[in-house]
Amino acid sequence: MKSLKAPVAIVGGGLAGSEAAYQLARRGIPVRLYEMRPNRLTPAHKTGHLAELVCSNSLGADLLTSPAGILKAELRRMGSLIMRCADENRVPAGKALAVDRERFAISVSEALASCPLVEIVREEVKEMPEGLAIIATGPLTSGSMSEALRRLIGRDFLYFFDAVSPIVTAESIDFDVVFKASRYGEGEDYLNCPMDEVEYQRFWEALSSAERAPLHSFERDERYFEGCLPIEVMAKRGRDVMRYGPMRPVGLVDPKSGKTPYAVVQLRREDAEGTLYSLVGFQTNLKWSEQERVFRMIPGLQRAEFVRFGVMHRNVYVNAPLILNEDLSLRARRDIYLAGQIVGVEGYMESTAMGLVTALSAYSAILGLPLPRWPKETAIGSLLCYIINARADNFQPMNVNLGIFPPLGAKVRDRRKRCEAVARRALTALERFMAEYSIIFDEVVIN
């Protein structure tokens with residue numbers, strides 16, 4: 001093993017940075033984890049907890065019949081701290097994995113604080129660290145670090161806009177109107193606010209004309225991530241866009257009428273006690289007063305008490321195909337790795353996976369071992385292949401999906417069966433990968 005002159009510096013205590021710190025520490029590598037919060041908050045963060053979730057509390061689908069479920073299975077198999085804490089703090093969400101966001105973040109924070117090889121430093125890093133480092137500052141990277149990274153890579157950042165959904169108190173919801181149900185009768189994990197056609201028409205008209213919060217001058221060129229569009233942007237794209245998106249009524253029957261509603265707004269539990277609920281798919285940049293006015297038109301939310309309003313922020317990321325090596329190190333400086341959403345992945349688990357990748361890449365470099373070559377058949381390998389080999393002239397953030405996996409040998413038309421086949425292949429490939437690089441996975445001193 002090569003000698004380390006100092007602990008590995010990890011800048012950013014979000015999902016990717018926390019995962020990277022844990023994976024290195026559990027292999028006996030000392031880590032200095034820098035997090036500027038709570039001394040300096042971002043436009044979206046509210047606490048100083050590590051791994052704070054700033055958007056939805058849902059981590060996505062959790063079955064092997066979905067690409068997101070395959071990624072979670074891979075992370076669990078490799079001993080992910082983020083997955084362990086998520087499983088320990090999950091709240092009902094049907095087929096998805098959702099967490100009590102505060103308890104989840106506290107669990108991650110306590111796990112790292114109790115690790116003797118992790119030193120947590122609460123300060124902003126404004127320049128590139130000396131020596132081996134992982135930059136996991138996320139899409140809300142501070143201005144100073146952004147400038148330091150820009151000087152190093154010699155290029156400006158790309159960006160897109162992301163938004164947050166509002167949260168209401170359970171006691172302010174009219175339970176005489178809403179009904180409990182998951183789609184297709186698979187549990188009762190969601191609250192559903194049913195709308196008839198007249199109610200939907202009025203809501204769509206109000207939402208389409210509602211006043212949005214002003215953008216800064218540098219944010220006027222609005223670029224959205226299509227998988228997380230603000231609800232008012234959906235409304236402006238057409239009357240029925242929401243009914244085929246987050247307000248689709250498919251698989252839901254209102255027990256009061258015995259019929260499928262014309263449209264529905266779903267509410268998902270935010271905490272273990274069930275005192276808070278978020279509006280699923282209702283990320284927004286409306287003015288707060290407009291959010292109160294328009295969202296109280298939703299049946300069952302006429303007296304809604306908002307504990308958090310929706311907000312929008314700009315997410316930055318680098319042009320990975322131009323500046324990153326296969327191990328996520330910078331071409332301009334091989335001892336610095338990037339991790340998380342800043343590399344061009346989108347999603348909580350995708351960011352976590354990139355943190356794990358950089359930790360294993362750095363660990364291999366410390367041991368003087370060849371670069372681990374992730375199999376493309378895995379979800380993680382597919383993500384890496386995309387961000388490194390995508391077209392640089394139109395590079396866009398990507399989350400895990402069937403389209404980035406290598407095609408199966410035989411065509412399987414049924415999506416569920418196709419995903420199951422992809423999952424079997426991915427997990428088999430992962431086992432071979434872990435066996436081939438056993439020294440990386442067997443040298444674990446902390447479980």
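Just so it is clear, the structure is predicted and the values come from calculations on it, not from any experiment. Hydrogens, waters and symmetry mates play no part in the numbers below; they use all other heavy atoms, side chains included.
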Check: So, the side chain of Arg26 versus the backbone of Leu81: is there a donor-acceptor pair under 3.5 Å, distance only?
Finding: no

Margin query: Can a donor-acceptor pair be found, under 3.5 Å and without considering hydrogens, that links the side chain of Asn57 to the backbone of Arg269?
Written below: yes

Checklist line | Thr428: side chain to side chain contact (heavy atoms under 4.5 Å, CB included) partners, not counting sequence neighbours | finding: Arg432

Next item on the list: Apply side chain to side chain contact (heavy atoms under 4.5 Å, CB included) to Ser165 and list each qualifying residue two or more places apart in sequence or on a separate chain.
Entry: Phe282, Gln283

Checklist line | For Glu292, all residues meeting side chain to side chain contact (heavy atoms under 4.5 Å, CB included), sequence neighbours excluded | finding: Arg296, Phe306, Phe309

Margin query: With a 3.5 Å distance limit and no angle check, can you tell me whether Asn401 reaches the backbone of Asn399 through a side-chain donor-acceptor pair?
Written below: yes

Next item on the list: State, to 0.1 Å, how close Met145 and Thr137 come at their nearest heavy-atom pair, and which atoms those are.
Entry: CG-CG2, 4.1 Å

Note to self: I need the Thr141 OG1 to Leu338 CG distance, nearest 0.5 Å.
What the structure shows: 9.0 Å

Item checked: Closest non-hydrogen atom pair between Val31 and Leu24, with its separation -> CG2-CB, 3.7 Å

Notebook entry, point to check: What do you reckon, is CD of Glu171 surrounded by more than 12 foreign heavy atoms closer than 6.0 Å?
Noted result: no

Notebook entry, point to check: So does Glu130 have more than 12 non-hydrogen atoms from other groups sitting under 6.0 Å from CD?
Noted result: no

Next item on the list: Using the salt bridge (Lys or Arg N to Asp or Glu O under 4.0 Å) rule, take Glu127 and Arg151 through it: C-alpha gap first, then chi angles, then the decisive distance, then the call.
Entry: CA-CA 10 Å; Glu127 296 292 340; Arg151 288 197 305 268; 2.8 Å; yes

Note to self: Counting neighbours of CD on Glu290 that are heavy atoms of other residues, nucleotides or ligands and sit closer than 6.0 Å, is the number greater than 12?
What the structure shows: yes

Margin query: Name the residue from Arg425, Met78, Glu377 that meets the side chain to side chain contact (heavy atoms under 4.5 Å, CB included) definition with Leu430.
Written below: Met78

Next item on the list: Please confirm whether the backbone N or O of Ile29 pairs with a side-chain atom of Tyr363, one donor and one acceptor, at under 3.5 Å?
Entry: no

Next item on the list: Kindly say whether Glu186 contributes a backbone atom to a donor-acceptor pair with the side chain of Lys95 at under 3.5 angstrom?
Entry: no

Next item on the list: Output yes when a side-chain donor or acceptor of Gln341 lies under 3.5 Å from a complementary backbone atom of Tyr317, and no otherwise.
Entry: no

Notebook entry, point to check: Thinking salt bridges, do Glu326 and Arg373 make one under a 4.0 Å N-O criterion?
Noted result: yes

Next item on the list: Could you give me the CA-CA distance, side-chain angles and deciding distance for Val357 and Trp374, then say whether side chain to side chain contact (heavy atoms under 4.5 Å, CB included) is met?
Entry: CA-CA 9 Å; Val357 167; Trp374 292 81; 3.9 Å; yes

Next item on the list: Kindly give the heavy-atom pair with the smallest separation between Leu360 and Pro372, and that separation in Å.
Entry: O-CG, 4.3 Å

Next item on the list: Identify, with sequence neighbours excluded, every residue that meets side chain to side chain donor-acceptor pair (under 3.5 Å) alongside Glu270.
Entry: Arg101, Ser278

Check: At what distance, to the nearest 0.5 angstrom, does CD1 of Ile70 lie from OG1 of Thr65?
Finding: 8.5 Å

Margin query: For Ile440, is there any backbone N or O sitting under 3.5 Å from a side-chain donor or acceptor partner on Arg27?
Written below: yes

Item checked: Met247 side, atom CE; Met234 side, atom CE - distance, nearest 0.5 Å -> 10.5 Å

Checklist line | Heavy-atom closest pair, residues Gly355 and Ala20 | finding: O-CB, 3.4 Å

Margin query: Between Tyr22 and Leu356, is there a side-chain heavy-atom distance shorter than 4.5 Å?
Written below: no

Note to self: Main chain of Gly310, side chain of Gln291: is a donor-acceptor contact present, judged purely on distance under 3.5 Å?
What the structure shows: yes

Check: Going by heavy atoms in the side chains, are Val121 and Leu33 under 4.5 Å from each other?
Finding: no

Checklist line | Ser109 side, atom OG; Phe104 side, atom CZ - distance, nearest 0.5 Å | finding: 9.0 Å

Next item on the list: Quick one: list whatever passes salt bridge (Lys or Arg N to Asp or Glu O under 4.0 Å) with Asp87, sequence neighbours left out.
Entry: Arg76, Arg90

Checklist line | Charged N-O contact under 4.0 Å between Arg150 and Glu147 | finding: yes

Checklist line | Salt-bridge present (Glu273, Arg103; N to O < 4.0 Å) | finding: yes

Next item on the list: For the residue pair Glu88 and Ser107, confirm or rule out a side-chain donor-acceptor distance under 3.5 Å.
Entry: no

Notebook entry, point to check: Where do Ala73 and Leu427 come nearest, in terms of heavy atoms and distance?
Noted result: CB-CD2, 4.1 Å

Check: Considering residues, nucleotides and ligands other than Arg122, do more than 12 of their heavy atoms fall under 6.0 Å from its CZ?
Finding: yes

Check: Listed by chain and number, what are the side chain to side chain contact (heavy atoms under 4.5 Å, CB included) partners of Ser289, not counting sequence neighbours?
Finding: Lys287

Item checked: Euclidean distance, Leu59 CG relative to Leu53 CG, rounded to 0.5 Å -> 6.0 Å

Next item on the list: State whether the side chain of Arg334 and the backbone N or O of Ser329 hold a donor-acceptor pair below 3.5 Å, judged by distance alone.
Entry: no

Checklist line | Between CG on residue Leu71 and CG on residue Leu75, distance to nearest 0.5 Å | finding: 4.5 Å

Notebook entry, point to check: Quick check: does any side chain N or O of Glu74 sit under 3.5 Å from a backbone N or O of Ala379, one acting as donor and the other as acceptor?
Noted result: yes

Next item on the list: For Phe395 and Val318, work out which heavy atoms get closest and say how close.
Entry: CE2-O, 3.4 Å

